[in-house]
Structures are given as C-alpha cells and as structure tokens.
2 protein chains.
Amino acid sequence: MSRTVLVVEDEAPIREMLKFVLEQSGFNIIEAEDYDIAQEKICEPYPDLILLDWMLPGGSGVQLAKSLKQHEFTRDIPVIMLTARGEEEDKIRGLDAGADDYVTKPFSPKELIARIKAVMRRVTPTSNEEPIEFNGLKLEPVSHRVMANEEPLDMGPTEFKLLHFFMTHPERVYSRELLLDNVWGTNVYVEDRTVDVHIRRLRKAISRHGHDAMIQTVRGAGYRFSTKL
Amino acid sequence: MSRTVLVVEDEAPIREMLKFVLEQSGFNIIEAEDYDIAQEKICEPYPDLILLDWMLPGGSGVQLAKSLKQHEFTRDIPVIMLTARGEEEDKIRGLDAGADDYVTKPFSPKELIARIKAVMRRVTPTSNEEPIEFNGLKLEPVSHRVMANEEPLDMGPTEFKLLHFFMTHPERVYSRELLLDNVWGTNVYVEDRTVDVHIRRLRKAISRHGHDAMIQTVRGAGYRFSTKL
DNA sequence: GTGCACTGTGACACTTTTATTAAAACGATT
DNA sequence: AATCGTTTTAATAAAAGTGTCACAGTGCAC
C-alpha cells in the first residue's frame, strides 16, 4: 500500500530533502514549487496527503489550504503545514484554515514521518470490518481471526487474505491470475502455481470441521468459494 | 455525564469569566488561585481536565503541569494551558511540559469550549475506572494494580497502560503504530519495535499463571488481547 | 484404458517478521 | 553529580511464512 504525498515547498533544497526522507519511508512523492503548480498537480495522481509550506511565493500556504478545503474533491485530503519556528500565530491560522497538523522547521525526519503516518491513520478509518460467516466458518476482520464453530483456527497472513477475499466474493470462480491480483496485489511477480500451494495451505487450515469443502477447484478455470457442495 | 474542570488562574475576573463560560456549557468548575491551592484541590474531586494559566504567582504553570505529569494519579488528566498573546516560546515549553493543548488569551469562549471538548474526546476512552477481569487476570484502574488469581503482579507503568488498553479493547488486533498512538500518546515518536519489548515485559509480568497466552501475536498485523487460545 | 493436461502435495532454500537480550539513554531523586 | 528504575534503541537469535520445484495424483477426451 504505497501512499502518495504532495510536497508544496518553494525552496528546492528543502524540497529535495523532504523527497529523500519520504521516499526512504516508502512514500510516493509529487513535488510542487508554488501555489499554481500545486493546483495543477493536485488533480491527477490524487495525493493521500499534502505537505504544505506556509511561506510560498505567489499565494500563501494558508490560501492554498483554504481553497483545498473548499473544493469537494480535495476537501478530504489531509494537510500538514510546515512552519518556521516562531511563526506561532501562523500555526493557529493554519489549523483554522483546515490543516490537520503542523510541523515546525527545522524538524526531525522521524517526527515528520510519524506525524504523516498518524494523520493518515486518523483519516483512513474503517473499511468493511463486519464479520463474515458461512456454514459455521466465521472470519472476523477486526480480531484478524478465523473460527470454525467458535473454535479459533490458525493460518498464515496470505491464507487469511485469501480466505477473506473468497468470503467476500463467494460463488464465483477466480483464475489464479485474478487471485494474485486481488490477494497478492497488482504488479507482483509470482508464479501462477503458487496459488495452488496457498490454496492447499488454506484448505489444510480450515479442514478440521470440513470447511475445506467450500474451497473448490474448478478445473481449467481456477478456484471458487462456495457453500454448495 | 457532567464533567469537572479545574481552573487554575490567579486573576479573579478572568477566573469568574471562565467559570461562567464553562458552567454555561454544562461543566462543573473547581477554582484555584495558585500553585498550592491547585495542588490541594486536585486530589479530591479529581477533575476531568485542568485549565491552567501559564502566569501564576508562587510557582509557574509549567511547573505545575510538570509535577502533574509526574505523579501517577494525575498523569492522565489532560491539561490545557492559557497563555497570553506574544508568549510564543512559552507555548512550546508548555507543550513540552505535557500540556495537551493551549489557548491564547484573549480567547473566544467558543474556541475554548471547542478545545476542551476536543481534548476530552481524545482522552476519555481511557478513563474507565471499573475493574476489568478476564480468566482470573484482574486489572483495577483505581488501585493501579493487576492481580492474577488474587495474587498481585508487578509491572512497570507502560506495561500497565498497555495491559489496560488491551483489556479495554479485547478481541481486536492492533498494529504497533496504533498501540503507540493509544498507549504512548499521539505526539510521541518512538520506534515501532519498542512495542515488542514492552509486549515481552508485559508477557513476562503476567506469565506466572499463564495469562501471557492472552497477549497474542498476529503475524504481519500486530498484537491482540484475547481470551480464546 | 491410455495419455495428456491440470491440480495436489511435501520439501527446501530463502525472506520477512518477531522474540530476546544487552546496552545506552533518560528522568527523577537523593 | 551519582544512582536507581524505567524506556528506547540496536543487535542478534529464533520463528514463521513464502515461493518454487519436482513429482504424485486426477480427471477427461479419445
């Protein structure tokens, strides 16, 4: 899950430094020197977070922050403001303008990363976390656990994801490739047949009460999760 | 559920004003003019939040804030600092001293109330005072104690908070980052792996009667407190 | 029934993640 | 400043999970 951060900062060296630090931590970076460029670049790759310098030529950071919070499509992108020490007033105005957090320059890379992650966590809350159950096989996303008739089962992360996918997409055949895309993630290079092995492991893991019968092989097509025999 | 706020402010008119504003919003108010009186009054009705003026005769506000954060029983009470405009440096020191937020005088009543509520929201989930028990492992928030089958256990403060968090949020996986957010606090920047060490110490501390089995590793996801094996 | 193409399985070399330990850093106390 | 208890970091060991392969089964078409 690679996240994209838009860095809006006029001073090239600082921008470079930010880019380095953030990429080091696995973020994708889009850069913008000023208000206008930021406006342009914001639309297309749609960043997960914006790092915004308070001091910008051609339109202040606050101005940008405000305009972001106005538009529907950008309203929900979290913003972290970069302010120089001593511009305390600005911080307050920045927060008023809709910034989610601020970091004082000079900052430690560690703090920056931590704040970015914290803000992202706050903003990206719940996907579908409801437990799913079929024939006594229950998967609880919240506790990250699978139970067969109330009895907890043990399986690896990949098997869990695989089962999760199957249970959320039952009664439908998926080719090995499709499974790789959906469970492993796109652009992952693994052998098709690897799926077989994980299917095997998953079946083994849920076999105690015979739930492995729901993981069905469809010869020549792939696999299917189905409650019907 | 009426919340109590301790107002520590030396200037009577401002204190009156604060009292008025806060009571208007449904809070209970305890007043204190200075450091010493605050120290006295803090114990008994146990406020839900402290509103603390930076400028106090007989001991500065920061001093009080620090001493509050030192003592176990008052450590978890959130503090909002009141600072005069222009004391920018103080704000920073105030936050360092452990204040949860600050408000600049003069402030709008609306802003003050909003910040108080925000801070309380952040902090509240932790403040359940009922003892919790799972499988003979009992945690008593009030006495700040953990017992395994009536036998008191020994652990450090962080382990206690960690266990407290786990026991109030059982059957749920938490990533290291989430644990740091919830147990250490939002603006603390430590390595993810630090959690491992505390998990280890916590497990060790509660292992005498095998309760460590409830602290479960969920590979690739984090840790979970669960009564099920 | 035979052969062919597809799937199942166990083993293994390799990665990634977690546990454990020891040492450094920190903070409060004296 | 020295000390004690705790937290954090860093280093290393241990464990768990992964992807591939070779070969064993299976089912299907003929």
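All chains are named by letter (A, B, ...) in the order of the sequence lines, taking the proteins before the strands, and each is independently numbered beginning at 1.
Distance CZ (B/R224) to P (C/dT18): 13 Å, rounded to an integer number of Å. When the P atom of D/dT9 is taken as reference, atom CH2 of B/W184 falls 11 Å away, rounded to whole Å. Nucleotide D/dA16 holds its C1' atom 16 Å from the CD atom of B/Q216, rounded to whole Å. Per the geometry, NZ belonging to A/K204 stands 16 Å off C1' belonging to C/dT7, to the nearest Å. Between the C1' atom of D/dG17 and the CG atom of A/L202 lies a distance of 14 Å, rounded to the nearest Å.
Each ring pair (Phe, Tyr, Trp, His ring centres under 6.0 Å) pair with one or both residues in residues 208-229 of chain B, not counting sequence neighbours, appears once here: B/F134-B/F225.
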For residues 158-167 of chain A, tabulate all N or O donor-acceptor pairs below 3.5 Å that involve a side-chain atom, not counting sequence neighbours.
residue: A/E159; atom: OE1; partner: A/G156; partner atom: N; Å: 3.3
residue: A/E159; atom: OE2; partner: A/H198; partner atom: ND1; Å: 2.4

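Between B/L22 and B/V5 the shortest heavy-atom distance is CD1-CG1, 4.1 Å.
Here B/E140 pairs with B/S143 under the side chain to side chain donor-acceptor pair (under 3.5 Å) rule; sequence neighbours left out. For A/E171, the side chain to side chain donor-acceptor pair (under 3.5 Å) test picks out A/S226, A/T227, with sequence neighbours left out. Residues that satisfy the side chain to side chain contact (heavy atoms under 4.5 Å, CB included) test with B/R208, not counting sequence neighbours, are B/E151. When the side chain to side chain donor-acceptor pair (under 3.5 Å) test is applied to A/R224, the partners found at least two apart in sequence or on another chain are A/Q216. Here A/P157 pairs with nothing under the side chain to side chain contact (heavy atoms under 4.5 Å, CB included) rule; sequence neighbours left out. Residues satisfying the side chain to side chain donor-acceptor pair (under 3.5 Å) test with A/T168, not counting sequence neighbours, are none.
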Please enumerate all protein N or O atoms sitting under 3.5 Å from an N or O of nucleotides 12-14 of chain C, with distances to 0.1 Å.
none

Could I get a table of every N or O pair under 3.5 Å where one atom is in the protein and the other is in nucleotides 27-29 of chain D?
none

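Scanning residues 159-174 of chain A for heavy-atom distances under 4.0 Å to DNA chain C yields an empty list. Within residues 190-199 of chain B, the residues approaching DNA chain C are B/R193, B/D196, B/V197, by heavy-atom distance under 4.0 Å.
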